[in-house]
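These numbers come from the heavy atoms of this one structure, side chains and all, not from hydrogens, waters or symmetry mates. Chain letters run A, B, ... following the sequence lines, proteins first and then strands; every chain starts at 1. Every value quoted in this text rests on a predicted model; they were computed, and no experiment measured them.
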Amino acid sequence: MSGDPSTPSAPRANALFDKVGTEINFPAEESRILAFWRQQGIFEKTLRAETRATGPSRGTFVFYEGPPTANGMPHNGHVLTRAVKDVFPRYKTMCGYDVPRKAGWDTHGLPVEVEVEKELRIHGKADIEAYGVKPFISRCIASVFRYTEAWENLTSKIGFWVDLDQAYVTYHKSYVESVWWALGELHRKGLLYQGEKVVWWWAQGGTALSSAEVGQGYKTVDDPSVYVAFPLVDVPETALAVWTTTPWTLSSNMYAAVRPEFAYVEVDAGDLLPGVRRLILAAELREPLEKKLGRPLPVARELKGFDLVGKKYRPPFDLFSARAEGFGVIHSVIGADFVTLDAGTGIVHVAPAFGEDDHAAHRAQARSNPSLPLFNAVKPDGTFIDAMGKYAGRWVKACDKELTAELKERGLLVHAETYRHEYPFCWRADEDPLIQYARPAWYIRTTALIDRAIENNQTIQWLPEHIKTGRFGDFLANNVDWALSRERFWGTPLNIWICTKDREHRHAPTSVAEIEKLNPQAFAHFHEAKRADPSLNDNLIVHKPWIDEVTFPCPTCSAEMRRVPEVIDAWFDSGAMPFAQWGFPHAPGSKELFDRAFPADFISEAIDQTRGWFYSLLMISTLVFDEETQTRLGLSRLRSYPHPYQTCVVLGHVSDREGKKESKSKGNYTPPEVILDRVRMEFAAARTSDVKGAQPKDGVALIAREDYEGLDLTGEAARVHLYRADRASDVGGAPVVMEIRPQKGMPRRIVALADADLARLGLTPKDNPLSVMPNDVPRLAPEQRVFVEDSSTPAPGADAFRWFFYAASPPWTNTRHSLTNVRGYQKEFAVKLRNVYSFFTIYANIDGFSPAEGNPDAKGTAPADLAKSAGYRLARERSLLDRWMLSELSLATREVRAHLDAYHLYEAATCLVDLVDALSNWYVRRSRSRFWAAEGVESAAGAASAAGGVSRASAEQDKRDAYFTLYEVLVAIAKLSAPFTPFQAEALYQNLVRRPWPTSQPESVHLCAYPEADEAAIDEGLAREMRAVRDLVSLGLQVRTAHKLKVRQPLARADIVLGDQALTGALQREENAWLIRDELNVKELRFLAPGEEGAEVRYVLKPNFRALGPKLGKKVQLAKQALARADAAALRTKLAVEGKVSLDLDGEAFDLGPEEIEVAVEASEGFAAAGSRVGVVVLHTALTDALRDEGLGRELLSRVQGLRKELDLGFTERVRLTIDGSDRVKRVTEAFRDTLMQEALATSVEVGPGASDGERRELNVDGEALVIVLARGA
RNA sequence: GGGCCAGUAGCUCAGGUGGUUAGAGCGCACGCCUGAUAAGCGUGAGGUCGGCAGUUCAAGUCUGCCCUGGCCCA
């Protein structure tokens, strides 16, 4: 080792390791790493075994990317998803697997159309048709990748490695043709059918919404609740009291439903209605109705629901009476299960066109009456038909009031009120209420094979596990047929062509080529359009409206076939991705690609995908890839369940710091840029004078406390920069430095400024700026908004963002996200690791330590690779601390691997945190002196270390051991953490491995093999001992704190009584004992054997409840009391000698053995002692003069070192010291001369007045006045 | 309205199959260390484990009801 810290020299000019900067700026470091990855094509190199350093490929680990939609901005939830999706492929890659990662984009569906509608300021199907479907579709395809750049930036910035260049796109021709193929298979298997179904219908948009879409749009509203009299045909003055909450559907009434087993009553209605004397309703609901009406309804007759079934009544509107002719059941009472007594009258109005239950009841009637008509007075656009007279052409829900009034006029209204409930609105046009409406639609008969899907689900590994039987299992158990079709424009066209001659002739071609075989001219119109406009996107050949013109002769009867008009649910697109991403089975080579990547080993998305992607994947795979089909397709092997995914990690949602859902409109979210780039947010500018209760003050800005905390600002005020976005500092125009304060009652994302400051910043607040909604801020004019930035600290960066999602909580629980929280977890791992890493580079450079010395061609960093390095020794030859650290490393490696193999991210992250903590808080702390021990010269600590078993002659070897140990652990942590925090891992690796070995070692940490635990290094006994040592040290420090005994003051002795005597031998070993002595600064350590304890210690006996509970039952409490009363020391001895003690419990004698009684040792009160499970530590606090002097000596050294630091002296800079004071000070200084010279790098120590040059400090230490003068230089 | 998940220290979160002193980190207070230095370390205070009943010798853990938040569904 060439470096000699005793020689005053500048840091080596050609230091091996790059210095780790003192200023922490993770984002800057990350962008350098990103550039390195890009330039060297590291991601691409990880994809193939030939370019990795992980040995021969262990096969393919299949990952499916759930396609996000790129027509909205990415948010924190996407960061979570991508962070989790990234970590496992990286891990598996380092384990030697090939992990292709094909990106994908979900591009179809209503959201895209709605965006375009907004852009065109049109609304609904009719508008689109008026605008023209062709240009509309062209706009859709153009809008799909609107935010692609933002997505690609985020993806790359957070280190999500995915192949964006080869991404699958759901609107591509090859993708659509794959989907067609799957639908063709379903058609062939008879699983596609057309039916009529009541759907949630967005009338203004002319479309049905999927249940997922409906679920997003519930609002609390007040709706009418009316009670209408339906007079009986036989007894007109007796009427059914019928309840409904949708008066507009009364015109389409077909039945009144009762529950046959319920009790009903006929009541005297008095003069309530002109033509009705008696009303019929459920017995239980009579009193509630009396209250509503404020009048008595005496019971005239009791009857059963059963008695009412079949009774004919007069409907409130009779526009369908002609069609009802000949169908006795129409306008009669039927029995139905869905009738409840929760509200209403127990008699329910049934309009089968407008309710799922109603329609089901109707279908039940239709079973015996196949020609039964369906009454529907409403057009698909949500307005009444002409037959409705004055209501014709009007939006139905707008007619509720008038209809109710009409009923009243006609003497049929029993009661009307409003009630508050949740009602669905269109999720993208939230002013439009949805209505239930019967529509023709295409279905997949999922219910026919639901048992297979359930079986498939049973074999999937779900994380968390409860999804399998819980949310997902429940969903499958309650499966209904998949409503596949959408009456929209922008989606995969449903590939069913129907014969114009015979509707039973249907054909489902699966590709353009197949259609062209039937009709070579089928696509002539498209090719012509393409010639006319070469910019026409080729993929539109398979889209509306072009596809609608495609016809071909019916294979059965040769008549013309035309396509059905619908497109399909976009969920089917995404669920088809396992094969459609390859264009399977049409595209050349797709069969091999699919065969290789089916099923997926791993997928992950948020929990809202249970009914979305998780379902569509599972269902399509179950229906399409049955064994017969797999065989027919000629796959290389038969896939049994599960497919198409084996493991699914279900993620929770990202919420704000209060646990509320992050919402753009509320502004309660932390924009990803605040974590990734700069700590800043944009605000709407306002005048302080407009803020209630605020005093305008120049240079002071006010924001909501939530925003203040959101920027991680603390205290009463903070200093920040303000600037306009268009005049950012790097564009010219310096930002204004201001004080910022939280202000009560301020809305979010508004900053209040004094007039002078507004002028300085060039801001002109808009009118009434305090009412600007957070999501509108970016849309304000440039002079109306302003950035607030905390430039004093860099953003935490991408690693910190990722790490937060791994380490804060298991990924399936909701995570409270904020800048503060991200920083908190960063400090725990990344910052701590960086400090250790920095420590290493500082001393390795000073000492000229190189792991490559004598071993310039090493290809790895495992012990076998480093064996040839100069001075390298195996772990078992090193000192106790090194062996312990390497054992901890191997234990952690073993655990992290096991956790990752089980997809337990959080637990894996916890292991890494504990490992870094052990490294920093114990290994480095206890080893520090070894790194600055000069060879041939023993420092105080070095001498102690020598006493700990390392001879003087091997001090240099000990130092090398320390370097190698720290080096090996740091490099291993870099590799272990690489899948989690890929940037920092790379930074460590490049510096620690590639600097010493610029060519022989793998180019990137991500090309390395994931570390294997070195089983030989694991020493569980040592781990237990060290745990005890650390616990005992902690107890000793507790005693010092409690008795105000500073650690710098040496004490004569510490006595230790161990709880577990078995540890005594190990802890008495000098290496262990020294650690405790040194940490506690005591001269002597005694381990007291049983019988040697003094009064400082007492024993406490307790029953071992786990063992005794079953044996003693209730008497276990008596045993507890008996043991507490007994002479603990005596019982303990008896237990040790005789192996049992006898207890009398309530007259019954019990023999209890050592396993059944717990003996704990406690510190008695009144002594300098502390105890816990590990044992008791007693400090002897009496001080001798010698001890006091030594304390003063260490005090002197401390002051000198403090002065060195204060003067910012370099680590190796030499000084001259002069110390003056009382005789005692002089005496102690003399005694400590050598120590001072070595530890403080002093070339001379003068005692007495003396030198006048240099830094002079007059101090009072320990009641002693003294003077220290420190002069720089030798 | 129904289902699922969650509620543990000021904050963020751990707490196999019930076992009697409920843990960690951050923050806070006090202190230590000073050759990792705009760092590091220790100790402490702080908890009716959401509430109420129940089962049990024993409940944060099991059961029932309720409250709050989230998600899914109506």
Side-chain angles (χ1 to χ4, degrees), chain A residues 5 20 22-24 211-212 214-215 218 340 342 356 421-422 424 464 466-467 469-475 478 606-608 610-611 652-653 655 657-661 714 804 807-810 812-816 818 820-821 823-825 827-828 831-832 834-843 846 906-907 910 913-914 917 920-921 924-925 928-929 931-932 939 1033-1034 1036-1042 1044 1046-1048 1079 1102-1110 1112-1120 1160 1170 1172-1173 1197-1202 1204-1205 1208-1213 1239-1241:
Chain A
V20 180
T22 44
E23 194 195 323
I24 297 182
S211 55
V214 176
Y218 276 86
T340 69
D342 295 341
E356 238 179 298
H421 67 151
E422 300 288 302
H466 61 75
I467 301 286
T469 50
R471 194 170 282 203
F472 198 72
D474 286 347
F475 183 57
N478 298 314
I607 188 157
D608 49 270
T610 24
R611 286 144 199 261
H653 283 108
S655 58
R657 52 199 295 152
E658 266 98 47
K660 296 260 161 41
K661 188 181 170 174
T714 51
F804 170 74
S809 56
W812 37 86
T813 57
N814 291 351
T815 311
R816 295 185 184 202
S818 68
T820 316
N821 288 347
R823 281 180 165 159
Y825 287 98
K827 229 178 142 187
E828 187 173 84
V831 172
K832 204 173 264 185
R834 195 174 184 280
N835 278 323
V836 177
Y837 161 57
S838 164
F839 174 90
F840 172 82
T841 57
I842 289 168
Y843 290 103
I846 289 174
Y906 173 77
E907 291 79 356
T910 305
V913 170
D914 291 345
D917 183 72
S920 171
N921 290 353
V924 171
R925 183 152 80 105
R928 279 208 309 230
S929 59
F931 290 95
W932 60 79
S939 70
V1033 165
S1034 179
L1037 291 171
Q1038 201 176 319
V1039 178
R1040 275 190 174 268
T1041 307
K1044 302 230 180 279
K1046 53 169 96 175
V1047 181
R1048 226 177 274 147
E1079 277 286 315
K1102 261 190 300 191
N1104 176 354
F1105 286 98
R1106 196 186 280 275
L1108 282 181
L1112 301 181
K1114 279 190 183 177
K1115 292 190 173 174
V1116 80
Q1117 299 302 340
L1118 292 173
K1120 181 183 176 181
S1172 72
R1173 290 219 163 88
L1197 177 62
S1198 159
R1199 302 303 166 126
V1200 172
Q1201 300 286 36
R1204 284 186 65 106
K1205 179 190 167 208
D1208 205 18
L1209 297 187
F1211 289 134
T1212 57
E1213 208 167 331
E1239 296 287 311
L1241 298 187

Problem - Rounded distance in Å between the C1' positions of B/C66 and B/U20 - result: 29 Å

Practice task
Determine the contact category for A/Val831: base if any of its heavy atoms lies under 4.0 Å from a base atom, sugar-phosphate if only primed atoms, P, OP1 or OP2 are that close, otherwise nothing.
Solution key: nothing

Practice task
Sticking with atom C1', work out how far B/A6 lies from B/A14, rounded to a whole angstrom.
Solution key: 15 Å

Exercise for the section: For A/Val913, report the nucleic acid contact type (base, sugar-phosphate, nothing); a contact means any heavy atom under 4.0 Å. Expected result: nothing

Problem - Distance, nearest 0.5 Å, that separates CD of A/Glu907 from OG1 of A/Thr910 - result: 6.5 Å

Completion exercise
Against the side chain of A/Arg928, the closest entry in B/G42, B/A36, B/C41 is B/A36

Practice task
Look at all strands and tell whether A/Phe840 reaches a base, only sugar-phosphate, or nothing, counting heavy atoms closer than 4.0 Å.
Solution key: nothing

Exercise for the section: Rounded to the nearest 0.5 Å, what's the gap from CD on A/Glu1079 to CG on A/Leu1037? Could you check? Expected result: 6.5 Å

Practice task
Check every strand shown and say whether A/Val1116 touches a base, only sugar-phosphate, or nothing at a heavy-atom separation below 4.0 Å.
Solution key: base

Fill in the blank from the handout: From the candidates B/C13, B/A36, B/C71, the one with an atom nearest any side-chain atom of A/Ser809 is B/C13

Problem - P atoms of B/G69 and B/G25, separation to the nearest Å - result: 32 Å

Exercise for the section: Considering just the side-chain nitrogens and oxygens of A/Arg1048, establish if one lies under 4.0 Å of OP1 or OP2 belonging to B/U34. Expected result: yes

Exercise for the section: Output yes when at least one side-chain N/O atom of A/Ser1198 is less than 4.0 Å from OP1 or OP2 of B/U34, else no. Expected result: yes

Problem - Pair of N/O donor and acceptor under 3.5 Å linking B/C71 base with A/Arg471 side chain - result: yes

Practice task
Provide the distance between the two P atoms, one in B/U43 and one in B/U48, to the nearest whole Å.
Solution key: 24 Å

Practice task
Look at the side chain of A/Asn821 and decide which nucleotide, out of B/C41, B/U12, B/C71, has an atom nearest to it.
Solution key: B/U12

Practice task
Select base, sugar-phosphate, or nothing to describe what A/Asn835 touches, counting heavy atoms under 4.0 Å on all strands.
Solution key: base

Practice task
Please determine if a side-chain N or O atom of A/Gln1038 lies less than 4.0 Å away from the OP1 or OP2 oxygen of B/G42.
Solution key: no

Problem - For RNA chain B, stems built from three or more consecutive Watson-Crick or G-U wobble pairs below 3.5 Å - result: B:1-7 with B:67-73, B:10-13 with B:23-26, B:28-32 with B:40-44, B:50-54 with B:62-66

Exercise for the section: Could you work out the separation of B/C13 and B/G60 based on their C1' atoms and round it to a whole Å? Expected result: 15 Å

Fill in the blank from the handout: Ranking B/C4, B/G42, B/C72 by distance to the side chain of A/Asp474, first place goes to B/C4

Completion exercise
Side-chain contact check for A/Arg925: nearest option of B/C41, B/C72, B/C32 is B/C41

Practice task
Answer yes or no: does a side-chain N or O of A/Lys827 lie under 4.0 Å from OP1 or OP2 of B/G27?
Solution key: yes

Practice task
Report which part of the nucleic acid A/Pro810 touches: base, sugar-phosphate, or nothing (heavy-atom distance under 4.0 Å, all strands).
Solution key: sugar-phosphate

Exercise for the section: Rounded to whole angstrom, note down the P distance from B/A36 over to B/G44. Expected result: 26 Å

Problem - Check: A/Thr841 side chain, A/Ser838 main-chain N or O, donor-acceptor pair, under 3.5 Å - result: yes

Practice task
Select base, sugar-phosphate, or nothing to describe what A/Thr910 touches, counting heavy atoms under 4.0 Å on all strands.
Solution key: nothing

Practice task
Take atom P in B/A74 and the same atom in B/G7, then report the distance between them in whole Å.
Solution key: 27 Å

Practice task
Spell out, as yes or no, whether a donor-acceptor pair under 3.5 Å connects the side chain of A/Arg925 to the backbone of A/Asn921.
Solution key: yes

Fill in the blank from the handout: Considering only heavy side-chain atoms of A/Arg1106, the closest of B/A36, B/G19, B/C41 is B/G19

Exercise for the section: Taking only the side-chain heavy atoms of A/Phe1105 (C-beta and beyond), determine which of B/G19, B/U37, B/C72 contains the nearest atom. Expected result: B/G19

Exercise for the section: Please state the P separation for the pair B/G42 and B/C26 - nearest whole angstrom. Expected result: 9 Å

Practice task
Among the candidates B/A36, B/A14, B/U17, find the nucleotide nearest to the side-chain atoms of A/Ser920.
Solution key: B/A36

